[in-house]
Amino acid sequence: MKIYDTLQDALVDFVPRKEGEVSLYACGPTVYSHPHLGHARQAMTYDIMRRYLEWIGFDVVHVANITDIDDNIINRALDEGKTETEVAQYWEKVYIEAMDALNILPPNVRPHATDYVAEMIEFITTLVDNGSAYANDSGVYLRVRQVEGYGDLVHRTPDELAEGAGARVEVDDNKEDPLDFALWKAAKPGEPTWDSPWGAGRPGWHIECAAMALDILGDDFDLHGGGNDLVFPHHTNERAEAIAAGRSFSRYWLHNAMLNIGGEKMSKSLGNFDTIKDVLAQDPLNARALRLMLLQTHYRKTLEINDDVMAQAREGVKRLDAMVRKATNNGVDITSTERDAETFTRFREAMDHDFGTPEGMAVVFETVRRANGALDGGDEADQAQALALTAIELANVFGLDVAVGDSADDDDADQIESMVTARNEAKASKDYGEADRIRDELTAMGITLEDTANGTVWHRT
RNA sequence: GCGUCGGUGCCCGAGCGGCCCAAGGGAACGGCCUGCAAAGCCGUACAGUCGCGGGUUCAAAUCCCGCCCGGCGCUCCA
């Protein structure tokens with residue numbers, strides 16, 4: 001399969017470190033506030049990739065960290081009179097609940113930065129010992145200009161980077177060079193600290209991910225992903241640390257584009273974000289609608305979100321569900337292994353081209369249409385089961401959570417069933433006024449009826 | 001300013017040298033089905049400049065150059 005590698009700036013063949021296995025490190029959040037739709041896009045992007053890679057037979061080790069110590073957490077703790085640990089644990093819980101609600105599979109490993117401080121210190125020691133880093137009163141810094149190919153990930157030379165940095169960054173006299181960045185930050189009053197050979201302090205942001213990724217996945221791991229706003233400085237600096245330590249970092253770099261709202265990146269700092277929790281509360285279909293929307297846009301393309309596109313996506317989800325209901329009513333055997341091989345092939349071709357989910361979704365929807373036609377007794381009637389099961393399987397590879405099931409296990413199912421029966425009796429005696437009255441009543445209860453050749457079925461809206 | 005990604009129908013959005021008189025979803029319209037609806041199926045209208053202008057090529061939405069517009073990055077960020 002081909003993937004787009006940020007470092008090479010090209011579509012390249014994906015050759016994993018070890019045949020049949022994929023190691024993926026996707027940068028997780030700093031937990032200090034509400035996770036928003038931008039985090040959802042990032043997490044869902046790698047969730048979808050992971051599901052697909054597993055479906056085509058790879059053993060995937062997906063690592064997503066939790067950054068549980070940083071300035072934002074410290075500030076929040078200060079504001080609220082809590083400990084950093086309390087703040088981080090609370091927001092981590094909120095984050096994980098949001099991820100679960102979005103049907104994002106838990107990563108295989110979810111490391112916490114504070115559990116890897118020893119590894120980070122060891123990493124930094126290597127860098128200091130080999131002359132790549134230097135310590136002073138304010139911390140330990142990496143000598144960026146010594147790093148071969150620093151800036152390659154952003155396609156800029158150190159000089160070009162320095163030029164940009166001058167305008168926005170205060171010059172720090174503690175650094176030999178403005179480009180150098182902190183591996184270790186010396187303790188400030190009131191901050192949580194760890195002991196180190198350079199005095200009490202705490203790790204810098206970039207060393208956290210670099211140390212965790214290498215410790216858990218090992219050198220030369222396959223994929224490193226994150227939002228494209230992390231290319232510089234975060235990923236650039238992680239990479240620099242690994243190179244300076246003489247270690248092979250990720251074989252490929254993946255970056256998802258931003259999610260915009262009102263023409264700008266949704267972000268905490270701009271304050272223009274919709275929290276995942278709020279969006280999910282607005283409509284029970286929104287978790288799946290958001291996923292569908294993301295699937296229908298390539299992960300490397302900026303996506304503008306608004307109420308309109310969410311509504312459109314909800315309709316798409318309903319279309320998927322309607323086919324599944326039709327399949328259920330027509331007695332499709334979910335234990336059957338019948339599938340449409342050609343559809344699988346087309347799906348894989350789409351996905352093997354840098355995770356072409358929009359085209360993959362097109363294949364799914366096209367299969368839904370064919371399955372509907374077949375289930376209604378069209379030209380492909382003999383393929384109905386295979387087509388329906390194929391569409392369902394592929395939608396589920398994407399985590400769209402469609403399932404052949406019955407809605408009869410609800411608490412008020414008996415009542416609804418008897419109302420449906422009453423309506424059908426009214427219909428039989430051509431008392432359409434009564435039939436419509438019952439239907440309206442059900443509609444008010446959030447129940448939608450469908451009169452099919454196999455009788456009347458209902459579902460919740 | 002520098003780097004980078006992008007500008008495709010009413011909306012969202014694929015395609016990235018011929019298979020494109022441009023996928024898929026949403027909305028719209030007509031037909032079938034239905035007691036009527038809904039759902040579904042079939043069909044139709046939408047892209048006549050694929051941001052604009054040049055160029056390369058037998059062939060360009062797709063490649064090259066210039067311009068305009070927008071996103072992201074330039075040390076908080078997914």
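We name chains A, B, ... by the order of the sequence lines, and we start the count at 1 in each one.
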Trainee: Could you state the NZ-C1' distance from A:Lys185 to B:rU75, rounded to the nearest angstrom?
Mentor: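 Distance check: A:Lys185 NZ to B:rU75 C1' gives 10 Å.
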Trainee: Within the 4.0 Å heavy-atom criterion, would you say A:Gly263 contacts the bases, only the backbone, or no part of the nucleic acid?
Mentor: sugar-phosphate
Trainee: Tell me, what's RNA chain B's dot-bracket, Watson-Crick or G-U with both distances under 3.5 Å, | for other-strand, [ ] crossing?
Mentor: ((((((((.[[[..)..(.....]]].(((((.......)))))......[[[[[..)....]]]]])))))))....
Trainee: Determine the Euclidean distance between corresponding P atoms of B:rC50 and B:rC19; express it in Å to zero decimal places.
Mentor: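 Going atom to atom, P in each nucleotide, I get 16 Å.
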Trainee: Do A:Trp253 and A:Gln8 have side-chain N/O donor and acceptor atoms under 3.5 Å apart?
Mentor: no
Trainee: At a cut-off of 3.5 Å, list every protein nitrogen or oxygen paired with a nitrogen or oxygen from nucleotides 37-40 of chain B, distance to 0.1 Å.
Mentor:
| unit_1 | atom_1 | unit_2 | atom_2 | d |
| --- | --- | --- | --- | --- |
| B:rA37 | N6 | A:Asp451 | OD2 | 3.1 |
| B:rA37 | N3 | A:Arg439 | NH1 | 3.0 |
| B:rA38 | N1 | A:Asp451 | O | 3.3 |
| B:rG40 | O3' | A:Asn372 | ND2 | 3.1 |
| B:rG40 | O2' | A:Asp376 | OD2 | 2.5 |

Trainee: Taking only the P atom of each, what is the distance from B:rA39 to B:rA45 in whole angstrom?
Mentor: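 Per the computed distance, 23 Å lies between those P atoms.
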Trainee: Between B:rG73 atom P and A:Glu160 atom CD, what is the distance in whole Å?
Mentor: 19 Å
Trainee: Expressed as a whole number of angstroms, how long is the span from A:Asp307:CG to B:rG26:P?
Mentor: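 These atoms are roughly 19 Å apart.
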Trainee: Grab the N/O contacts between the protein and nucleotides 64-66 of chain B below 3.5 Å, and write none if there aren't any.
Mentor:
none

Trainee: Please determine whether a side-chain nitrogen of the Lys or Arg among A:Glu434 and A:Arg437 lies less than 4.0 Å from a carboxylate oxygen of the Asp or Glu.
Mentor: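 Counted as a salt bridge, because a side-chain N and a carboxylate O are separated by less than 4.0 Å.
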Trainee: Roughly how many Å is it from CZ in A:Phe398 to P in B:rG24, rounded to a whole number?
Mentor: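 After rounding, the reported distance stands at 16 Å.
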Trainee: Counting only heavy atoms and a strict 4.0 angstrom limit, can you tell me which residues of residues 288-303 of chain A come near RNA chain B?
Mentor: A:Gln296, A:Thr297, A:His298, A:Lys301, A:Thr302, A:Leu303
Trainee: For the CG atom on A:Asp307, are there more than 12 heavy atoms of other groups (residues, nucleotides or ligands in this structure) within a distance under 6.0 Å?
Mentor: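 No - once you tally the heavy atoms of other residues, nucleotides and ligands closer than 6.0 Å, there are 12 at most.
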Trainee: Taking the C1' atom in each of B:rG48 and B:rC41, what is the distance between them to the nearest angstrom?
Mentor: 31 Å
Trainee: Is there a donor-acceptor pair closer than 3.5 Å between any side-chain N or O of A:Asp180 and the backbone N or O of A:Tyr141?
Mentor: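 No; judged by distance alone, with no hydrogens or angles, the pair does not exist.
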Trainee: Taking atom P in both B:rC12 and B:rG55, compute the distance separating them and give it to the nearest angstrom.
Mentor: 32 Å
Trainee: Considering only the P atoms, how many Å lie between B:rC29 and B:rC69, rounded to the nearest integer?
Mentor: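 These two P atoms come out 39 Å apart once rounded.
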Trainee: What does A:Val231 touch in the nucleic acid at a heavy-atom separation under 4.0 angstrom: a base, only the sugar-phosphate, or nothing?
Mentor: nothing
Trainee: Could you check whether any side-chain N or O of A:Tyr252 sits under 3.5 Å from a backbone N or O of A:Asp13, counting only pairs where one atom can act as donor and the other as acceptor?
Mentor: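 It does hold such a pair.
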Trainee: For the residue pair A:His255 and A:Asn228, confirm or rule out a side-chain donor-acceptor distance under 3.5 Å.
Mentor: no
Trainee: Without hydrogens or angle criteria, can the side chains of A:Arg300 and A:Asn256 be said to hold a donor-acceptor pair below 3.5 Å?
Mentor: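 No pair is found: no donor N or O on one side chain lies under 3.5 Å from an acceptor on the other.
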Trainee: Within the 4.0 Å heavy-atom criterion, would you say A:Asp9 contacts the bases, only the backbone, or no part of the nucleic acid?
Mentor: sugar-phosphate
Trainee: Strictly distance-based, threshold 3.5 Å: is any side-chain N or O of A:Tyr46 a donor or acceptor partner for the main-chain N or O of A:Ala64?
Mentor: no
Trainee: Find the distance A:Asn256:CG to B:rG73:P and express it as a whole number of Å.
Mentor: 13 Å
Trainee: Are A:Glu97 and A:Lys277 close enough for a salt bridge, meaning some N to O gap below 4.0 Å?
Mentor: no
Trainee: Side-chain donor or acceptor of A:Lys268 under 3.5 Å from a matching atom on the base of B:rC76?
Mentor: no
Trainee: Quick check: do A:Leu295 and A:Leu400 have side-chain heavy atoms less than 4.5 Å from each other?
Mentor: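 In contact.
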Trainee: What integer number of Å spans the C1' atoms of B:rA61 and B:rA14?
Mentor: 12 Å
Trainee: Judged by atom type as modelled, is there a donor-acceptor pair below 3.5 Å linking the side chain of A:His112 to the main-chain atoms of A:Thr114?
Mentor: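 Here the side-chain-to-backbone pair does not exist.
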Trainee: Say whether A:Asn260 and A:Thr302, considering side chains only, have a donor N or O and an acceptor N or O under 3.5 Å apart.
Mentor: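 No pair is found: no donor N or O on one side chain lies under 3.5 Å from an acceptor on the other.
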Trainee: Is the distance from OP1 or OP2 of B:rU75 to the nearest side-chain N or O of A:Trp205 less than 4.0 Å?
Mentor: no
Trainee: Between A:Arg370 and A:Val309, which is nearer to the 5' end of RNA chain B once each is assigned its nearest nucleotide?
Mentor: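 Going by which nucleotide is closer to the 5' end, it is A:Val309.
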Trainee: May I ask you to decide whether A:Glu80 forms a salt bridge with A:Arg76, counting only side-chain N to carboxylate O separations under 4.0 Å?
Mentor: yes
Trainee: Between A:Asp352 and A:Lys2 (salt bridge meaning N to carboxylate O under 4.0 Å), is one present in this structure?
Mentor: no
Trainee: Within this structure, what is the CZ-to-P distance between A:Phe365 and B:rG24, rounded to whole angstrom?
Mentor: 12 Å
Trainee: Is a salt bridge present between A:Asp47 and A:Arg291, judged by a nitrogen-to-oxygen distance below 4.0 Å?
Mentor: yes
Trainee: Between A:Leu230 (CG) and B:rG73 (P), how many Å, whole number?
Mentor: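 My rounded result for the distance is 10 Å.
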Trainee: Does the B:rC77 base have a donor-acceptor partner in the side chain of A:Ser269 within less than 3.5 Å?
Mentor: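 No.
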Trainee: Give the intermediate values and the outcome of side-chain contact (heavy atoms from CB on, under 4.5 Å) for residues A:Trp458 and A:Leu442.
Mentor: CA-CA 9 Å; A:Trp458 60 272; A:Leu442 283 164; over 6 Å; no
Trainee: If we ignore hydrogens and angles and just use 3.5 Å, is the side chain of A:Asn372 paired with the main-chain N or O of A:Leu375 as donor and acceptor?
Mentor: no
Trainee: Between B:rC36, B:rA14, B:rC72, which one does the side chain of A:Pro358 approach most closely?
Mentor: B:rA14
Trainee: Is a donor-acceptor contact shorter than 3.5 angstrom present between the side chain of A:Asn228 and the base of B:rG73?
Mentor: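 By the distance-only test, no, there is no pair.
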Trainee: Got a list of side-chain donor-acceptor pairs under 3.5 Å for residues 102-110 of chain A, not counting sequence neighbours?
Mentor:
| unit_1 | atom_1 | unit_2 | atom_2 | d |
| --- | --- | --- | --- | --- |
| A:Asn103 | ND2 | A:Gly399 | O | 3.0 |
| A:Asn108 | OD1 | A:His62 | N | 2.7 |

Trainee: Roughly, in whole Å, what's the span from NE2 in A:His255 to P in B:rG73?
Mentor: 13 Å
Trainee: With heavy atoms under 4.0 Å as the rule, sort A:Asp70 into base, sugar-phosphate or nothing.
Mentor: nothing
Trainee: Report, one pair per line, the protein and nucleotides 60-63 of chain B atoms (nitrogen or oxygen only) whose separation is under 3.5 Å.
Mentor:
none

Trainee: Just compare B:rA23, B:rC77, B:rG73 and give me whichever is closest to any side-chain atom of A:Ser267.
Mentor: B:rC77
Trainee: Determine the Euclidean distance between corresponding C1' atoms of B:rC65 and B:rC72; express it in Å to zero decimal places.
Mentor: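 Their C1' atoms lie roughly 25 Å apart.
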Trainee: Heavy atoms only, 4.0 Å cut-off, all strands: where does A:Tyr432 land among base, sugar-phosphate and nothing?
Mentor: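 It contacts base atoms.
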Trainee: Please state the C1' separation for the pair B:rG26 and B:rC16 - nearest whole angstrom.
Mentor: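 Looking at atom C1' only, B:rG26 and B:rC16 are 25 Å apart.
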Trainee: Give a yes-or-no answer on whether the side chains of A:His459 and A:Asp321 include a donor-acceptor pair shorter than 3.5 Å.
Mentor: no
